Amino acid sequence: MTEFAARTMTVALVLLSWLLPLSSSQAACSHVLHVGFNDWPPYSWSEDAGPALGLDVELLKVFAERAGCEIVFDKMPPKRSHQLMRSGKIDIMMGASRTEERVSYAFFSLPYRLEVVSLFSMESASVNDISSWAQVMTAKHKLLVPQAGWYGDDFEQNKDHMLRRDLLVESPDLLRSVQMLARGRGDLAIGDSLSLPYIASQSEQLHLYRHSVRLSESEIHLMFSRESMSKEEVDAFNHAIGLAGEEGEIARLQFKWEQISLSRIEGHSDNGAGRERAGPVMAE
């Protein structure tokens, strides 16, 4: 089991002790639950009119089955999902960070995984492993970063300084960061530890090196509409999350999707090729 998966399971196990056992009658949901999702591979996406896929999708199916609830997935932009959640037309959203604004219209589940922001370079680039933010600053590498997102306190504190030194290039999204990295517009790219390498391998057929530094870690939750979901239904999902963590189901699915995302970056490529560097290999 990787450290990343083990820590996700530990969060669920600790919080499991807060839950009271739920009977099957308590666990059953009062209606079919609609789940709003968008393309955010490898956590959630769909191809054309196909079914929802991804780590969060598979985890939610496990939780819903344990809670005794039926779910359907409705694809739409995130902003639309939040609007419909306010009115109770969307019951659940996945992969959510807890904010004060969202608490006004949504319940939040126990955390079911961690979101880790990492640093990447091209596998073919001559960039030694980076294990601390201080190394980023002293090495004077040019950094690619999507315009929207939270990338840790160190980044926020140094962002303006890097812009003044022309060491920061903002991109519209992760895909564009990957494309710019491949074209030499930057030396390093910031992104989600699973999503960025997955996009690089699947969309651009690129092999990336993930550096050992972790820029930020945050707990990820399910969101439930306050308009359409009862506290008892939310408790049923929390109970299911705790059991899935205790029985290793969360860790198993986390490991599966880690391997899918990391299989094409150094140390995990299909042909076993990979250039040696100072520092650890990619797996969490």
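Not measured: the values here are computed from a predicted model. These numbers come from the heavy atoms of this one structure, side chains and all, not from hydrogens, waters or symmetry mates.
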Donor-acceptor side-chain pairing of Ser212 and Asp129 below 3.5 angstrom: yes

Do Asp187 side-chain atoms and Lys142 backbone N/O form a donor-acceptor pair below 3.5 Å? yes

Write down the atom of Leu196, the atom of Gly191, and the distance for their closest heavy-atom approach. CD1-CA, 3.7 Å

Val136 versus Asp154: any side-chain heavy-atom pair under 4.5 Å? no

Is there side-chain contact between Ile250 and Phe63, with at least one heavy-atom pair below 4.5 Å? yes

Any heavy-atom pair between the side chains of Tyr151 and Leu143 that's under 4.5 Å? no

Tell me the side-chain hydrogen bond (donor to acceptor under 3.5 Å, both in side chains) pairs involving residues 87-97, sequence neighbours left out? His31-Asp91, Asp91-Ser228

Flag yes if Leu163 and Ile190 sit in one hydrophobic cluster, no otherwise; membership is Ile, Leu, Val, Met, Phe, Trp, Tyr, and two members link when side-chain heavy atoms are under 4.5 Å apart. yes

With side chain to side chain contact (heavy atoms under 4.5 Å, CB included) as the criterion, how do Ile199 and Glu204 come out once you've worked through the C-alpha distance, each side chain's angles and the decisive distance to 0.1 Å? CA-CA 7 Å; Ile199 290 172; Glu204 300 295 313; 5.8 Å; no

Connected via hydrophobic side-chain network under 4.5 Å: Val145 and Met162: yes

Does some side-chain heavy atom of His161 sit less than 4.5 Å from a side-chain heavy atom of Met137? yes

Is it the case that one hydrophobic cluster holds both Val234 and Met223, taking links as side-chain heavy atoms less than 4.5 Å apart, direct or via other members? no

Stepwise side chain to side chain contact (heavy atoms under 4.5 Å, CB included) check, Gln83 with Ile90: CA-CA 9 Å; Gln83 291 172 339; Ile90 285 293; over 6 Å; no

Between Ser81 and Gly36 the two heavy atoms that sit nearest each other are OG-CA, 3.7 Å

Is the side chain of Glu233 donor-acceptor paired with the backbone N or O of Ser30 at a distance under 3.5 Å, no angle test? yes

With no hydrogens and no angle check, is any side-chain donor or acceptor of Asp39 less than 3.5 Å from a backbone partner on Ser46? yes

Please test Val116 against Asp192 for side chain to side chain contact (heavy atoms under 4.5 Å, CB included), starting from the C-alpha separation and ending with a verdict. CA-CA 6 Å; Val116 177; Asp192 180 90; over 6 Å; no

Might you confirm whether atom CZ of Arg176 has over 12 heavy atoms from other residues, nucleotides or ligands at distances under 6.0 Å? no

Check whether the side chains of Ser171 and Ser177 place a donor and an acceptor atom closer than 3.5 Å, and report yes or no. yes

My understanding is that only residues two or more places apart in sequence, or in another chain, count here; which of them pass ring-ring contact (aromatic ring centres under 6.0 Å, His included) with Trp45? Tyr198, Trp257

Common cluster, Leu194/Phe120, ILVMFWY with side-chain heavy-atom separation under 4.5 Å: yes

Would you find a donor on one side and an acceptor on the other, under 3.5 Å apart, between the side chain of Asp56 and the backbone of Tyr43? no

Minimum-distance pair of heavy atoms, taken over all atoms of Ser203 and Leu175: CB-CD1, 3.9 Å

Aromatic rings His221 and Phe108: how do their planes relate, parallel, tilted or perpendicular, breaks at 30° and 60°? perpendicular

Please report the C-alpha distance between Lys159 and Glu170 in whole Å, then the side-chain angles of each, then the deciding distance to 0.1 Å, and finally whether the salt bridge (charged side-chain N to carboxylate O under 4.0 Å, His left out) criterion is met. CA-CA 11 Å; Lys159 180 179 179 180; Glu170 294 185 322; 3.6 Å; yes

Residues Lys75, Glu47: salt bridge by 4.0 Å N-O rule: no

Taking atom CZ of Arg185 as the centre, report whether more than 12 heavy atoms of other residues, nucleotides or ligands fall under 6.0 Å from it. no

Give the intermediate values and the outcome of side chain to side chain contact (heavy atoms under 4.5 Å, CB included) for residues Leu222 and Met93. CA-CA 6 Å; Leu222 299 176; Met93 292 179 66; over 6 Å; no

Considering only heavy atoms from C-beta outward, does the side chain of Leu167 approach that of His141 to under 4.5 Å? no

Would you check if Met94 and Ser44 make a side-chain contact, meaning some heavy-atom pair closer than 4.5 Å? yes

For the pair Arg183 (side chain) and Gln179 (backbone), establish whether a donor and an acceptor sit closer than 3.5 Å, ignoring hydrogens and angles. yes

Checking Tyr209 side chain against Leu119 main chain: does a donor-acceptor pair fall under 3.5 Å? no

Taking atom CD as the centre, does Glu65 end up with more than 12 heavy-atom neighbours from other residues, nucleotides or ligands that are less than 6.0 angstrom away? no

Check whether any side-chain heavy atom of Leu174 sits under 4.5 Å from a side-chain heavy atom of Ser195, and report yes or no. yes

Verify salt bridge (charged side-chain N to carboxylate O under 4.0 Å, His left out) between Arg66 and Glu249, making sure each step is shown before the conclusion. CA-CA 11 Å; Arg66 288 174 176 270; Glu249 191 71 1; 5.3 Å; no

With a 4.5 Å limit on heavy-atom distance, are the side chains of Val117 and Phe155 in contact? no

Any chance you could lay out the salt bridge (charged side-chain N to carboxylate O under 4.0 Å, His left out) test for Arg164 and Asp160, step after step, and finish with the verdict? CA-CA 6 Å; Arg164 289 194 299 269; Asp160 291 340; 5.3 Å; no

